[in-house]
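Start at 1 and go down the list; that is how both ligands and their atoms are numbered. Every heavy atom of this structure was used, including side-chain atoms; hydrogens, water molecules and symmetry mates were not.
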Amino acid sequence: MSLPHHFLLPQFNDRTDEYGGSLENRARLIRELLEETHEEVGDTCAVAFRFAVDEMQGIDGMQAHEEGRAVVEMLAELPDLWDVNVSDWANDSATTRFQPNDGYQTPYIEFVKQVTTKPVVAVGRLTSPDMMLSLVKRGVVDFIGAARPSIADPFLPQKIQQGRIDEIRECIGCNICVSSDNLGIPIRCTQNPTIGEEWRRGWHPENIAAKGKEEQALVIGAGPAGLECTMQLAKRGYQVTLAEAGKELGGRVPREAGLLGLGAWKRVTDHRIYDLQQRANVQIFKESNLTADDVIELGIPNVFIATGAGWRRDGVGRSTRQPIEIHSDMTILTPDDIMAGQSLKGTVLIYDDDQIYIGGVLAEHLAHAGHKVIFATPASMVSPWTENTLEQPRIQKNLIERSVDIHTGATLKTVDKSGCDLACIYTQQPRHIACDSVIMVTERTRHTDLFDALKVSKTSFQTLELIGDAASPGLIADAVYAGHMAARNFEEDPEKVAQQMFRREIVSLQNQ
Ligand code: SF4
C-alpha cells in the first residue's frame, strides 16, 4: 500500500494540516493506522509493518540514514514486527544481472535493530543459508524474509533445517516470476516449474507419482527441458538414459550464463546435474549425437526429444517475415556464435528483432569486452520485454554509459559489404550504418530433424515426444516447465491431464 508511504514524502504530501509539514506530522497517518490496527485486533494477532527505509534516489527520496531512520525511531515500538526493505520494486526485487550479491539490502536496513526492541525481518534475495545465519548472528535481523527464494524452493526452510543444503533449488534472480505478475498471467519460475500449478494440476514441488508399467525412457538433449524431464522421470523410478550431443550438459543455460551478468543462471543446470549424479537409475552419455538409426537400435520404447533451437541468420524475426538480402562479404553472426566464443573484429552491429533479453545482454557483453557496438531494433527501446522483469531502464542506461550507439524504431532492410541499410519504422526514411559484422538476434529455428526422422520411421514407439525449445522456442523457464510436464504426464490418463488444463478457481462459464 503506497498511500501511507506517500504521506511521508514531501514531494507527494503538500498538506498544511496536522498530516503535513514536519516529519512527525507526515508520519501521523502511519502512527494512527498502527495504533488503530492494534486496537482492532487486540491480542489476537501481531501487527507487522513493512517500511521501505530507502528509495534509492539519493536526496530526491527517503534515505535510510536520514528520514528513513527517523521514522523507525519515531515509531520504534509501535509495530510488533518491523519488515524493512528498500523501494521501488525494481530496487527491492533486483535481478542478479544488476545486483549479483545476496543480501544487497543489508547496508540500508542494518540500523533498524539498533533503534527498536521489536523483531526485525528483511529481504534481499537471500538464498545462501550461510548468509542467512550470518545476518541473524550479527544481530541484523531476527527473521529471514524470502519471497523469490521460496518461490524457487518452497521447501527451503525444511531443507536448511534438515541439513539438505545441496538439494536447495536456488533462485537465480531472473524475475520471470515478477514478469508473470506484470503480464497478469499465472506465475512461472525458471527454477520451480510447479509454482502456481499446485492446485490446478496437483503438482507438488517435491513429490511426484511413482512410475506406471513402463520401465525405460530415453531423453535426447540435456538442455533445461531434457535435464528437468530426466530428473523427474528418474524420481518417478524409470531407468532413464540421457544422451547429449555436446561435451557439456545444460544446453543453452551454460552458454547464456557465460554472458555478462547472467552467471547465476548456471544454477538451473547445477541443481539438476547434481540431482542426477545422485541417482543410480540414470545413465548420462555426453558427445552422443544420436541418429534415428541409433535411437531405433537402442530399443527404448519411450523417447523424449529435447534437441533445442538455434538462432537464425537470415534476418527473419518479429518485423520481417522474409529473409533479407545479405551480401556474401559481410560477416553474419548469431548469439549462438558469440556464446560459442567466435571472435569479432571492428565495429559490430547487433540487430535485435527478438526484443526479449539476449540482444541487450550481448550488446553490454561485447561493449564491456571493448568492442565498438551499434544496436538497432524496430522496438522503441532496448529489450522492451524486460520491462516485465523490472530491468529495462538499467539495460538501456548501461548501454548508453558504455557508448553503445542505439538506433530504435529501425528495421533492417538489406546488408551490403560495408554495413546495414536500416529504415525508420514510421516514415521508411533510410539510413546506412557502416559496420564490420552483424549479429542477427531475430528468431530461433527448432531443431527437429531427429524427431522428424523417427516420426516417419517404420518403428513404432510407445512414446515419441518433442519437448522444450525443439517444440516451441521460449524462455528457459518455459523449457523447464515443458520438461517437467512431459515427465509428469508420462503414463497419465490423457483425460485427467486435459481436465487439469482447464481447471479454474472461479468458474465463470458452467456447462448447461
Ligand atoms: S523466477 Fe527467477 S527470480 Fe523468480 S523465484 Fe524463480 S528463479 Fe527466482
Side-chain angles (χ1 to χ4, degrees), residues 85-86 88-105 123-129 131-132 144-160 167-198 203-206 223-225 227-228 231-232 250-254 256-257 259 261-275 356-358 361 383 385-392 394-395 468 474-485:
N85 68 336
V86 297
D88 59 2
W89 193 13
N91 293 322
D92 185 28
S93 295
T95 58
T96 42
R97 182 171 170 191
F98 295 102
Q99 184 46 269
N101 303 324
D102 282 20
Y104 53 86
Q105 301 194 17
V123 289
R125 210 186 53 242
L126 296 161
T127 60
S128 151
M131 168 71 83
M132 297 178 197
I144 298 298
R148 287 175 294 171
S150 301
I151 293 171
D153 194 337
F155 284 77
L156 178 66
Q158 192 184 72
K159 287 179 183 173
I160 294 173
E167 294 177 34
I168 293 171
R169 207 167 37 228
E170 211 177 346
C171 169
I172 68 168
C174 61
N175 277 5
I176 293 304
C177 50
V178 172
S179 77
S180 313
D181 197 84
N182 279 324
L183 291 163
I185 58 171
I187 188 168
R188 289 285 174 263
C189 167
T190 304
Q191 277 286 53
N192 176 11
T194 67
I195 195 79
E197 297 290 15
E198 300 87 342
W203 290 359
H204 187 282
E206 296 291 303
L227 283 178
E228 175 68 17
M231 185 171 85
Q232 298 304 336
R252 64 189 278 199
V253 174
E256 293 188 20
L259 297 172
L262 304 188
W265 292 18
K266 184 86 171 27
R267 294 170 185 170
V268 174
T269 46
D270 287 349
H271 170 75
R272 288 163 176 83
I273 292 168
Y274 172 80
D275 182 282
I356 301 182
Y357 63 87
I358 204 80
V361 171
S383 305
W385 193 86
T386 60
E387 286 197 293
N388 298 313
T389 53
L390 312 175
E391 294 173 297
Q392 198 284 328
R394 289 185 168 106
I395 294 170
L475 300 167
I476 294 171
D478 300 322
V480 171
Y481 184 91
H484 190 94
M485 180 146 72

Identify, by atom number and element, the atoms of ligand 1 in contact range of [X], meaning under 4.0 Å from any of its heavy atoms.
| X | answer |
| --- | --- |
| Arg148 | 3 (S), 5 (S) |
| Ile172 | 7 (S), 8 (Fe) |
| Thr190 | 1 (S), 6 (Fe) |
| Ile151 | 5 (S) |
| Gly173 | 3 (S), 8 (Fe) |

Find out whether [X] and [Y] are in side-chain contact, i.e. whether some heavy atom of one side chain is under 4.5 Å from a heavy atom of the other.
| X | Y | answer |
| --- | --- | --- |
| Trp265 | Arg252 | no |
| Leu390 | Ser93 | yes |
| Thr95 | Arg394 | no |
| Asn91 | Gln105 | no |

Nearest protein heavy atom with distance in Å, relative to atom 1 (S) of ligand 1: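 Checking every protein heavy atom, the shortest distance to atom 1 (S) of ligand 1 gives Cys177 N, 3.2 Å.
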Look at atom 2 (Fe) of ligand 1 and say which protein heavy atom is nearest, naming residue and atom and giving the distance to 0.1 Å. Cys174 SG, 2.4 Å
At less than 2.8 Å, would any N/O/S atom of Cys171, backbone or side chain, sit next to atom 4 (Fe) of ligand 1? no
Determine, for Lys266 against Glu170, whether the closest basic-nitrogen to carboxylate-oxygen distance falls under 4.0 angstrom.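 No.
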Can you tell me which residue among His271, His484, Gln191 is in a side-chain hydrogen bond (donor to acceptor under 3.5 Å, both in side chains) with Glu228? His484
Take the angle between the ring planes of Tyr481 and Trp203 and call it parallel below 30°, perpendicular above 60°, tilted in between. tilted
Can you tell me if an N/O/S atom from Cys189 lies under 2.8 Å from atom 6 (Fe) of ligand 1? yes
